[in-house]
Every structure is written in C-alpha cells, then in structure tokens.
Amino acid sequence: NKGNYEHYMQKEIHEQPESLKTTMRGRLIRGGSCKAKTVLLGGLKDHFKTIRRSRRIVFIGCGTSYNAALAARPILDELSGVPVTMEIASDLLDRQGPIYREDTAVFVSQSGETADTLQALEYALENGALCVGITNTVGSAIARHTHCGVHINAGAEIGVASTKAYTSQIVVMAMLALAIGGDTISSQTRREAIIDGLFDLPNKVREVLNLDQEMKDLAKLLIAEQSLLVFGRGYNYATALEGALKVKEVALMHSEGILAGEMKHGPLALVDENLPIIVIATRDSCFSKQQSVIQQLHARKGRVIVMCSKGEAVSVCPGGLGRVIEVPHVEDCLQPVINVVPLQLLAYHLTVLRGYNVDQPRNLAKSVTTQ
Ligand code: UD1
Ligand code: BG6
C-alpha cells in the first residue's frame, strides 16, 4: 500500500523518521537521574563477551548493505575496541579470504536472502567464526543461520532501491558500536552524546526531508546529464558511494562515489565546466580538507554542488560560487543518516523526470538469490 505516495521508493524515503523510531524502540535507555544512558540489543546480550574477545570484527554485505557497514565503520573503529574490517560478500568468496575461529563475522542484509551474503555466511560458519546477522527480515535465511543478531525492524521495504533499510542499518550498527564498547569511562561523554543524537535523529530526518522540492529543482537541472560524481570522505565516504549507487540504479545515470582523498590520483582529470560534482562537506574533523577540495575544483572551473551544515553556505562557497544543499547538523557519526536523504530524494526525482521505473529498475531485483 503506497498510501498518498506515487511510488514505494518515495514512501519509504519519507517514512524514515518513523522507521528509525521503530528501529530504536526499546533499545535506547535514557536512564534516571543517576543511571547512565545505555543501549540494549536483546539478540546479542549473551554474546558480547565473545564479541569483545574476538580478534577482529568483519562486516560482510552487498550493495547498499555493504555501504551501510562502511558508513558505521568509523564509529565501530572508535568505540568497539576490536579491529574492524569490511568485505563485499562476492569478493570475500572470490578470494576465499581469511576468516578465523577468533573472528566475529557480521552479515548485513535487508532481505536476509542475498545469495552472495548467504554463501559467505556458510563459509564463515565452516571456518568457525561467531556469525552475527543484521537483517530486516524475521525468519530469513541469514536470520536463521547466524548464531545471533539484530533485526533492524524498519518495516517491509518494497522499492528495489534500498532507502529506509540503509538508514536503519547504520543506526543499528552505531548502537552495536555503543554496546560492544560497553561503559568505558573514557568514552562516556562521547557515548552519551551519540545516544542523545540517536533520540533526536528522527526529528532531524524529518527536517532534512523538507529539502524535497529543492532536490526536485536540482533534478530538473541535472535531468539530461550523462554523469554525476559524488565526493565524500571520513564519515561520509559511504554517503558518496550510496548516493551514487541510488542515482545509477534508479535514474539510470552514470554516477560514481569518490573518496575525496583520492581526487588528485585520477578523478581530477575529469573536472570541467560541464560534469556536475556533489561534494559532501558537512562539519566534522574532515571539514577543512573538504574546503580545500572545493577550492581546487573551483580553480579548475568545476561545476560544484556542495552539501554543507545549516548556516555554513558562506564558508563552503566563498563568493557564492555554485549551489549548496544545507542539511541539519548532528553528531558526526550519525551525519551519514542525514546526508544520504537529499541524495535519495535527488535520485528519486531524477528517475521520475527521466521517465524510468522507480520501484523496479530494469535488470535489477530486490533480492538477488542466485549467484
Ligand atoms: C525480541 C523480539 C521482539 C520483542 C523483544 C522484547 C522477535 C523477532 N523479536 O526483540 O518482538 O519485542 O524481543 O524484548 O521475536 N537473530 C539472529 N540473526 C539475525 C537477527 C536476529 O540470530 O540476523 C536472533 C537474535 O539473536 C535474537 C532473535 O533473533 O535471539 C530476535 O532478535 P531481535 O528481534 O533483534 O531481538 P530483540 O530486539 O530482543
Ligand atoms: C540488491 C538490491 O542488489 O541487493 C539492493 O537491489 C541491495 O538494493 C542488495 O542493496 C543487497 O541486498 P540485501 O537484501 O542483502 O541487503
């Protein structure tokens, strides 16, 4: 049921304030006057000891689910206290990459049925790792075959291009980082700030959804383009990959997410007056580096569109050069949840304007159950 919406993708983008609430329901504890703020993940409570003692935590997924893990990586690195690595399921299988008994392997999948991820799970089980699932589908193959896990509870996702599952997956992995980290004194202030940020996140997502019309206007400008680049780094490298993936899979426009730190090692050669480039430059520890990327793109007459934190248009666009997308500012590790929304909206409007099938893009399936 699409309700008042024309397409499932549109509905699922707009229901993110609610889906995020459901994802967090019962799992965030604000505590009383003397009780600390904590996270409760019922499905993992008996396994945290083993997870904390593991030699490594490896996240495994495909497509958007892989991007979600990549978005959560910095906070997992920071809080978990265990080395974290990432694997695209098919690549892990192609290489028969190392998975050991001492590893915790986390399988991220909206459907819980993706063949590559499922086969990687069988492989990790054979190698004796503790296998954890993060899935949206109760009773799915991945939910059944993992030792334990977390349901993201985002509600059914119908559009082939994943939107609300992506933001819920990031939130679950941020909660996972908090839970694995436990209550180390040194990170207490940081943890509480993240928990406060999580409580307020649905409101902030509602706010960023107000950019709908602005993104539609931007889509009108970009409708006939051949290609679109998205530059990100740090917390928002994954946002660049995911934004580009949305544009390519539904709007059928070539789009590439680029790690901004790699700009000088190739992508800079593409820059001219015509190729549109979205640069994600919201306020975090990478901000000044992104400012310098923007300057260098302007110096080469690049067609730059900057995503920045609200009220910061002047510091990212000196002299009013280029377009800006201003988004609400949240705790750095949660910013990817906000920043992806305008890109989802852009991909959606580009698709409708270009006349393509939004919910079932050609050649793609919601769940790829064959290899
Ligand atoms: C569970 C209930 C929820 C209830 C809550 C009350 C289910 C599905 N969930 O939620 O309805 O409101 O208790 O405390 O009945 N699991 C895996 N692999 C996965 C995902 C999950 O093995 O990929 C396992 C978990 O380890 C857990 C079970 O499935 O044993 C349910 O997981 P989850 O729904 O995340 O647990 P709760 O949030 O505690
Ligand atoms: C397919 C979908 O390619 O599988 C994508 O079209 C999705 O949207 C990918 O990200 C992985 O799916 P899942 O269900 O394992 O998260």
Side-chain angles (χ1 to χ4, degrees), residues 8-9 12-13 22-29 39-48 50-51 59-71 87-92 104-121 124-125 130-173 175-176 179 238 241-250 252 340 344 347 357-371:
Y8 283 109
M9 183 185 181
E12 288 158 3
I13 292 171
T22 324
T23 297
M24 294 186 277
R25 184 163 298 142
R27 289 168 167 172
L28 286 183
I29 318 290
V39 165
L40 202 121
L41 295 172
L44 297 184
K45 64 177 187 312
D46 300 330
H47 303 269
F48 282 121
T50 317
I51 297 174
F59 286 80
I60 301 157
C62 303
T64 291
S65 292
Y66 174 83
N67 290 344
L70 202 62
E87 292 280 1
I88 291 175
S90 64
D91 187 45
L92 176 70
T104 294
V106 184
F107 297 85
V108 188
S109 171
Q110 189 285 130
S111 62
E113 304 289 350
T114 300
D116 286 331
T117 312
L118 199 52
Q119 206 182 321
L121 168 58
L125 286 169
L130 172 72
C131 293
V132 179
I134 295 181
T135 171
N136 197 26
T137 317
V138 179
S140 60
I142 288 171
R144 284 184 283 113
H145 296 173
T146 41
H147 296 118
C148 56
V150 186
H151 290 113
I152 68 167
N153 299 337
E157 191 181 66
I158 311 288
V160 165
S162 181
T163 51
K164 65 173 180 171
Y166 179 71
T167 47
S168 283
Q169 286 167 336
I170 298 174
V171 160
V172 161
M173 286 182 269
M175 292 195 289
L176 179 64
L241 296 185
E242 177 59 12
L245 178 57
K246 287 307 89 156
V247 170
K248 108 179 87 189
E249 68 184 335
V250 286
L252 316 190
V340 78
Q344 294 172 340
N357 188 330
V358 178
D359 289 329
Q360 279 174 305
R362 70 175 182 208
N363 307 338
L364 300 182
K366 182 66 185 158
S367 166
V368 183
T369 52
T370 52
Q371 281 184 305

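When a residue number appears, it is its place in the shown sequence, counting from 1. Indexing begins at 1, ligand by ligand and atom by atom, following the structure's order.
Looking at Arg27 against ligand 1, only its side chain comes within 4.0 Å, counting heavy atoms. Counting heavy atoms closer than 4.0 Å to ligand 2, residue Glu113 contributes nothing at all. For Ala365, every heavy-atom contact with ligand 2 shorter than 4.0 Å involves the backbone, none the side chain.
Here's the thing with Ser109: one of its N/O atoms is less than 3.5 angstrom from an N/O atom of ligand 2. Considering backbone and side-chain N/O of Val160, one or more are found under 3.5 Å from N/O of ligand 2. Considering backbone and side-chain atoms alike, Ser111 places an N or O below 3.5 Å from some N or O of ligand 2. Looking at ligand 2, you'll find an N or O of Thr114 within less than 3.5 Å of one of its N or O atoms. An N or O contact shorter than 3.5 Å links Gly43 to ligand 1 by distance. Checked against a 3.5 angstrom limit, the closest N/O atoms of Val138 and ligand 1 fall outside it. At a 3.5 angstrom cut-off on N or O pairs, His147 does not count as close to ligand 1.
In summary, of the residues considered (Asn153, Ile134, Ile152), a side chain to side chain contact (heavy atoms under 4.5 Å, CB included) with Ser168 occurs for Ile152 alone. Of the residues Ile158, Val160, Val250, the one that meets the side chain to side chain contact (heavy atoms under 4.5 Å, CB included) test with Met9 is Val250.
Using a 4.0 Å threshold on non-hydrogen atoms, atom 8 (C) of ligand 1 counts as touching the protein. There is a protein heavy atom closer than 4.0 angstrom to atom 32 (O) of ligand 1. Contact annotation for atom 20 (C) of ligand 1: protein present (non-hydrogen atoms, distance under 4.0 Å). Protein non-hydrogen atoms do not reach within 4.0 Å of atom 12 (O) of ligand 1. Of the protein's heavy atoms, at least one falls inside 4.0 Å of atom 27 (C) of ligand 1. Checking atom 35 (O) of ligand 1 against the protein gives a heavy-atom contact under 4.0 Å. Counting only heavy atoms, the protein gets under 4.0 Å from atom 17 (C) of ligand 1. For atom 2 (C) of ligand 1, no protein heavy-atom neighbour is present inside the 4.0 Å cut-off.
To the nearest 0.5 Å, the span separating CG on Asp116 from OG on Ser90 amounts to 5.0 Å.
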Derivation and outcome, side-chain contact (heavy atoms from CB on, under 4.5 Å), residues Thr114 and Thr369: CA-CA 5 Å; Thr114 300; Thr369 52; over 6 Å; no

side-chain contact (heavy atoms from CB on, under 4.5 Å) between Val108 and Ile60, intermediate numbers included: CA-CA 6 Å; Val108 188; Ile60 301 157; over 6 Å; no

side-chain contact (heavy atoms from CB on, under 4.5 Å) between Val132 and Thr146, worked out: CA-CA 5 Å; Val132 179; Thr146 41; 5.8 Å; no

Stepwise side-chain contact (heavy atoms from CB on, under 4.5 Å) test for Thr135 and Glu113: CA-CA 9 Å; Thr135 171; Glu113 304 289 350; over 6 Å; no

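Of the possible donor and acceptor atoms, none in the side chain of Thr22 sits under 3.5 Å from a partner among the backbone N and O of Ala154. With Ser65 contributing its side chain and Gly61 its backbone, the two residues share no donor-acceptor pair below 3.5 Å.
The shortest non-hydrogen separation linking Lys366 to Gly159 is NZ-O, 2.8 Å. The minimum heavy-atom distance between Thr50 and Thr104, with the atom names listed, is O-OG1, 4.5 Å.
At a 4.0 Å cut-off, at least one heavy atom of Cys62 sits close enough to ligand 2 to count as contact. Using a 4.0 Å heavy-atom cutoff, Leu364 is absent from the residues neighbouring ligand 2.
Under the 3.5 Å distance criterion, with hydrogens and angles disregarded, no donor-acceptor pair is assigned to the side chains of Thr64 and Ser162.
Residue Thr64 has at least one heavy-atom neighbour below 4.0 Å for each of these atoms of ligand 2: 10 (O). Each of the atoms 8 (O) of ligand 2 lies under 4.0 Å from some heavy atom of Ser162.
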